[in-house]
A.B. asks: 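Got a structure here, written out as structure tokens. Questions coming.
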Amino acid sequence: MLNIFRPAAHRPRVDDAHVDPLYRRLRWQIFLGIFFGYAAYYLVRKNFALAMPYLVEQGFSRGDLGFALSGISIAYGFSKFIMGSVSDRSNPRVFLPAGLILAAVVMLIMGFVPWATSSIMIMFVLLFVCGWFQGMGWPPCGRTMVHWWSHKERGSIVSVWNCAHNVGGGLPPLLFLLGMAWFNDWKAALYMPAFGAILVAVIAFMLMRDTPQSCGLPPIEAYKNDYPPDYNEQYEEELTAKQIFMQYILPNKLLWYIALANVFVYLLRYGILDWSPTYLKEVKHFTLDKSSWAYFLYEYAGIPGTLLCGWMSDKVFKGNRGATGVFFMVLVTIATVVYWLNPVGNPGVDMACMIVIGFLIYGPVMLIGLHALELAPKKAAGTAAGFTGLFGYLGGSVAASAIVGYTVDYFGWNGGFAIMIGGGVLAVFLLILTMLSENKHKRQLKA
Ligand SMILES: O=P(O)(O)OC[C@H](O)CO
């Protein structure tokens with residue numbers, strides 16, 4: 001382990017009188033650090049697509065640029081898992097800003113060095129490297145949340161934090177417009193979000209902390225008197241990579257179920273999002289500004305949807321993440337059927353479907369991450385979430401671009417929708433299995 005990433009040493013405990021005020025202040029401060037820190041990761045994950053129309057003008061084909069772009073998802077899928085295991089043994093205060101700065105540096109190179117955008121292979125490699133550094137974002141946030149918020153609070157905190165995706169995902173076009181206004185240069189799509197990300201990385205470093213014990217505080221379980229059923233002293237010991245994989249990840253059947261379900265949740269998340277501009281233009285005859293609005297509304301409808309899902313998961317479904325996921329995925333699959341079958345000439349219905357799907361899909365996306373955090377001890381939480389991300393990105397996101405794309409080429413949009421709706425049904429099936437296993441596991445713990 002690199003020295004700079006080493007977990008922060010535990011400090012002597014502060015006086016009892018100071019525990020509550022310090023915990024309260026640090027939880028706010030740290031939350032802001034991980035929220036804006038992760039939002040900034042999306043600045044340098046979603047911005048390359050904005051430069052693509054200008055690269056097409058330089059002579060690159062859409063297909064080749066799509067291939068270059070896939071470098072981010074492929075690398076991110078592997079990295080979220082592998083760097084997740086490094087993150088579980090690292091100080092998130094250093095780990096998250098380091099990954100963000102490195103990803104931003106790649107975008108600065110692409111923005112300022114002409115050679116970096118001179119061929120598809122070079123762009124693929126650079127985007128792959130950027131995707132790899134992107135994998136240093138989620139796991140430290142996961143590690144932070146499980147160390148600073150107790151089990152009962154996690155549904156709410158993870159759902160609020162998860163809105164960082166949508167906040168960050170919506171900003172690159174605005175930064176690009178600002179850059180165009182200042183510099184009249186399309187490469188602003190690459191370097192403006194990168195500058196923004198570096199600024200946020202510095203702020204995140206100032207706000208974040210490692211564990212409560214490294215700030216002289218008791219563990220969150222003691223502070224909130226909220227212990228997981230199998231909690232013991234070992235929960236506070238850092239684990240080796242071998243222990244994480246062999247004891248807590250690979251033998252964990254529930255984790256496998258949700259990782260597989262994540263393939264199909266991501267197939268819908270990215271299948272609908274990535275293809276909406278093309279589908280709405282080609283089939284529903286939307287103009288560019290209308291389909292851009294549909295895209296924007298899909299992302300931002302995810303914010304209230306995620307919050308509602310987190311609340312329902314804690315209060316209505318009493319912490320049963322599988323059951324909540326089934327509820328949301330059934331509805332999102334129905335909305336996708338309506339989106340597909342709605343005849344041409346009803347743009348209001350198409351727009352409403354995009355909003356409803358965006359509203360519903362980010363809840364299950366969040367729940368799977370949350371569930372993964374809960375299925376492993378907190379010292380293995382990042383790896384557990386990374387494991388689901390590996391399946392979501394390598395399976396779901398890549399299938400959303402490649403399999404849906406080729407299916408539409410050969411069988412038309414009916415074929416593309418059949419894949420996405422089939423994916424929705426499979427996600428529901430796997431989440432039902434998760435729900436049943438979860439109930440059984442809880443009964444065993446009580447017995
Ligand atoms: O890796 P992301 O950015 O797709 O985020 C994943 C969600 O937070 C659920 O794990």
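Given the structure is predicted, the values throughout are model-derived calculations rather than measurements. All ligand and atom numbering here is 1-based and tracks the order in the structure. Note: hydrogens, waters and symmetry copies are ignored here, and every other heavy atom, side chains too, is used.
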A.B. asks: Does any part of the side chain of Trp186, heavy atoms only, come nearer than 4.5 Å to the side chain of Leu55, both counted from C-beta?
C.D. replies: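 Leu55 vs Trp186: side chains touch.
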
A.B. asks: Just jot down the ligand 1 atoms closer than 4.0 angstrom to any heavy atom of Tyr266, in number order.
C.D. replies: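 Numbered from 1, ligand 1 contributes 2 (P), 4 (O), 5 (O), 6 (C), 7 (C).
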
A.B. asks: Any side-chain donor paired with an acceptor under 3.5 Å for Asp88 and Thr383?
C.D. replies: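 Their side chains do contain a donor-acceptor pair, which is all the 3.5 Å distance test asks for.
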
A.B. asks: Taking 4.0 angstrom as the limit and counting only heavy atoms of Lys80, give me the atoms of ligand 1 inside it, by number and element.
C.D. replies: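 Those qualifying, in numeric order: 1 (O), 2 (P), 5 (O), 6 (C), 10 (O).
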
A.B. asks: Check Arg45 against ligand 1 and report side chain, backbone, both or neither, counting heavy atoms closer than 4.0 Å.
C.D. replies: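 The part of Arg45 near ligand 1 is the side chain, not the backbone.
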
A.B. asks: Is the Lys NZ or Arg CZ of Lys284 less than 6.0 Å from the centre of Tyr339's six-membered ring, within 45° of the axis?
C.D. replies: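 So Lys284 does make the cation-pi contact.
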
A.B. asks: Compute the minimum heavy-atom distance from Asn162 to ligand 1 and say whether it is under 4.0 Å.
C.D. replies: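 Distance cut 4.0 Å: Asn162 passes for ligand 1.
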
A.B. asks: For atom 1 (O) of ligand 1, what's the nearest protein heavy-atom neighbour? Residue, atom name and distance, please.
C.D. replies: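 I find the closest protein heavy atom is Tyr76 OH, 2.6 Å.
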
A.B. asks: If you look at every heavy atom in Val106 and Cys130, which pair is closest and at what distance?
C.D. replies: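 Val106 and Cys130 have their closest heavy atoms at CG1-CB, 3.8 Å.
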
A.B. asks: Is the ring pair Trp293/Phe296 parallel, tilted or perpendicular, if the boundaries are 30 and 60 degrees?
C.D. replies: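 Ring orientation, 0 to 90° scale: perpendicular.
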
A.B. asks: Would you please indicate if the ring centroids of Tyr23 and Trp148 are separated by under 6.0 Å?
C.D. replies: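 Here the rings of Trp148 and Tyr23 have centres that are less than 6.0 Å from each other.
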
A.B. asks: In terms of relative ring orientation, are Phe387 and Trp256 parallel, tilted or perpendicular, with 30° and 60° separating the classes?
C.D. replies: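 Ring orientation, 0 to 90° scale: perpendicular.
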
A.B. asks: Does Arg269 approach ligand 1 within less than 4.0 angstrom via side chain, backbone, both or neither, non-hydrogen atoms only?
C.D. replies: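 Answer for Arg269: side chain.
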
A.B. asks: If the cut-off is 4.0 Å to any non-hydrogen atom of Tyr393, which atoms of ligand 1 fall inside it?
C.D. replies: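 Atoms satisfying the 4.0 Å criterion: 1 (O), 2 (P), 3 (O), 4 (O).
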
A.B. asks: Within less than 4.0 angstrom of ligand 1, does Tyr41 place any heavy atom?
C.D. replies: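 False for this residue.
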
A.B. asks: Below 4.0 angstrom from a heavy atom of Val365, which ligand 1 atoms are there? Numbered from 1 as shown, please.
C.D. replies: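 Once the distances to Val365 are compared, the set is 7 (C), 9 (C), 10 (O).
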
A.B. asks: Considering heavy atoms of the protein only, find what lies nearest to atom 8 (O) of ligand 1 and give residue, atom and distance to 0.1 Å.
C.D. replies: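 Looking at atom 8 (O) of ligand 1, the protein heavy atom closest to it is Trp138 NE1, 2.6 Å.
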
A.B. asks: Would you mind listing which atoms of ligand 1 come within a distance below 4.0 Å of any non-hydrogen atom of Tyr42?
C.D. replies: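 Counting atoms of ligand 1 from 1, those under 4.0 Å from Tyr42 are 2 (P), 3 (O), 4 (O).
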
A.B. asks: For Tyr41 and Phe133, I'd like to know if the aromatic rings sit close, meaning centre-to-centre distance below 6.0 Å.
C.D. replies: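 Not under 6.0 Å, so no.
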
A.B. asks: Starting at NZ of Lys80, measure out to OH of Tyr393 and round the result to the nearest 0.5 Å.
C.D. replies: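 Reported value, rounded in 0.5 Å steps: 6.0 Å.
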
A.B. asks: Tell me the protein heavy atom at minimum distance from atom 10 (O) of ligand 1, and give that distance in Å.
C.D. replies: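 Atom 10 (O) of ligand 1 sits closest to the protein heavy atom Gly369 CA, 3.2 Å.
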
A.B. asks: Please determine if Asp210 and Arg143 form a salt bridge, counting it only when a charged side-chain N lies under 4.0 Å from a carboxylate O.
C.D. replies: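 Yes, charged N to carboxylate O under 4.0 Å.
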
A.B. asks: Is any N or O atom of Trp161, backbone or side chain, closer than 3.5 Å to an N or O atom of ligand 1?
C.D. replies: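 No, there is no polar N/O contact under 3.5 Å.
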
A.B. asks: Quick one: look at Tyr38 and ligand 1, take heavy-atom pairs under 4.0 Å, and tell me if it's side chain, backbone, both or neither.
C.D. replies: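 Within the 4.0 Å criterion, Tyr38 contacts ligand 1 through side-chain atoms alone.
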
A.B. asks: What is the closest protein heavy atom to atom 5 (O) of ligand 1, and at what distance does it sit?
C.D. replies: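 Ranking protein heavy atoms by distance from atom 5 (O) of ligand 1, first comes His165 NE2, 2.8 Å.
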
